[in-house]
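Here is the structure we will look at.
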Amino acid sequence: MNSASRHLRTSFLLFVLLLLLVPIPSSLAFLLQVPDPIVHLATGAIAGICGAISYQPFDYVKARIQSDRNGERYGNDGISCLVDTLNADPSRLFTGLAASVVGVAPEKSLKLGVYDILGDAFVAHGGAFPMWGRVLSGAVAGACQGLGS
C-alpha cells in the first residue's frame, strides 16, 4: 500500500471518528433531519458497498484462477490461490474494488431504495405490507434497477 492511499485511509478514519465524537449543536440539528427517501437510497448504497467489499476477495481469486493457463500455477484450487495471495500481499484481494463500488452502489441504492419507499407507502395506506405488495414492490424495484444500470 503506497503512502498516498495510507494517508487517505487515515484521513477518512479520523473524519469518521470526529463525526462520532463531536457533539452536534442544537442549531445544526436540522442537518440531521433527512427525508426518508434519501435515507432509503443512502442505506441501499451502503448495503451495495458492503456487498462489494465482501465478495471482492472471491472475485479476485476467481479471476486469478481463470487467468491461470492450463492450471499451471493453481490448478483448480481456489484455496492455494488465496493462500499464495495472502502470503504475497493481502491487499491484492481488494484490487479493483473501486470500480466495483462505483458500479454497484448506485444500482443497489436504486433497487433497495425503491423497494423500501414502496414498502413504506403500502404500510402507510394499509398498516401492513402484504405479500402481493412485496412482490409488486420487488418487481418495480427490479425494473428500476434494470433501467438505471
Side-chain angles (χ1 to χ4, degrees), residues 1-26 28-68 73-74 76-124 128-149:
M1 181 181 298
N2 62 19
S3 63
S5 63
R6 191 174 302 126
H7 176 70
L8 181 64
R9 185 177 66 183
T10 305
S11 300
F12 177 74
L13 290 174
L14 286 174
F15 177 71
V16 169
L17 186 63
L18 280 173
L19 284 178
L20 294 174
L21 294 178
V22 175
I24 297 173
S26 60
L28 297 177
F30 72 93
L31 293 174
L32 296 177
Q33 297 173 351
V34 180
D36 282 344
I38 303 267
V39 170
H40 290 311
L41 293 173
T43 54
I46 292 169
I49 290 169
C50 290
I53 290 170
S54 65
Y55 75 73
Q56 184 63 32
F58 299 108
D59 197 35
Y60 175 82
V61 169
K62 176 191 67 111
R64 288 287 300 259
I65 290 173
Q66 286 175 340
S67 66
D68 185 21
R73 186 166 183 183
Y74 303 115
N76 291 325
D77 188 14
I79 302 294
S80 64
C81 178
L82 179 65
V83 168
D84 182 44
T85 304
L86 289 174
N87 288 334
D89 182 14
S91 66
R92 281 196 281 171
L93 287 173
F94 295 97
T95 302
L97 180 63
S100 198
V101 165
V102 166
V104 165
E107 176 185 345
K108 295 299 179 192
S109 172
L110 190 58
K111 180 175 78 171
L112 297 173
V114 168
Y115 182 82
D116 286 343
I117 290 167
L118 291 175
D120 286 350
F122 276 109
V123 171
F129 195 11
M131 183 57 72
W132 64 268
R134 292 172 195 244
V135 171
L136 181 63
S137 297
V140 171
C144 288
Q145 176 188 3
L147 291 173
S149 59

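Owing to the predicted nature of the structure, the values given are computational and were not obtained by experimental measurement.
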Where is the tightest heavy-atom contact between [X] and [Y], given as atom of each residue plus distance?
| X | Y | result |
| --- | --- | --- |
| Ile65 | Cys81 | CG1-CB, 4.3 Å |
| Val104 | Gly48 | CG1-O, 3.3 Å |
| Ser91 | Asp89 | OG-OD1, 2.9 Å |
| Ala141 | Val114 | CA-CG1, 3.8 Å |
| Ala52 | Ser100 | CB-OG, 4.1 Å |
| Gly44 | Lys108 | O-CB, 3.6 Å |

To the nearest 0.5 Å, tell me how far [X] [atom1] sits from [Y] [atom2].
| X | Y | atom1 | atom2 | answer |
| --- | --- | --- | --- | --- |
| Leu112 | Glu107 | CG | CD | 10.0 Å |
| Cys144 | Leu118 | SG | CG | 7.5 Å |
| Leu93 | Thr95 | CG | OG1 | 7.5 Å |
| Arg92 | Leu86 | CZ | CG | 10.0 Å |

**Item:** Heavy atoms of other groups near Phe58 CZ, more than 12 under 6.0 Å
**Value:**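 Atom CZ in Phe58 is not crowded, with 12 or fewer foreign heavy atoms closer than 6.0 Å.
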
**Asked** Is there a donor-acceptor pair closer than 3.5 Å between any side-chain N or O of Asn87 and the backbone N or O of Val83?
**Response**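 Confirmed, Asn87 side chain pairs with Val83 backbone.
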
**Asked** According to the salt bridge (Lys or Arg N to Asp or Glu O under 4.0 Å) rule, which pairs have a member within residues 139-149, sequence neighbours left out?
**Response**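 Matches after skipping sequence neighbours: none remain.
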
**Where at least one partner belongs to residues 41-60, residue pairs that pass salt bridge (Lys or Arg N to Asp or Glu O under 4.0 Å), sequence neighbours excluded** =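 Sorted pair list: Asp59-Lys62.
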
**Request:** Assign the ring pair Phe129 / Tyr115 to parallel, tilted or perpendicular, where the plane angle (0 to 90°) is split at 30° and 60°.
**Result:**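 Phe129 and Tyr115: tilted rings.
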
**Message:** Is any side-chain heavy atom of Asp84 closer than 4.5 Å to one of Ser80?
**Reply:**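 Sidechains of Asp84 and Ser80: no contact.
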
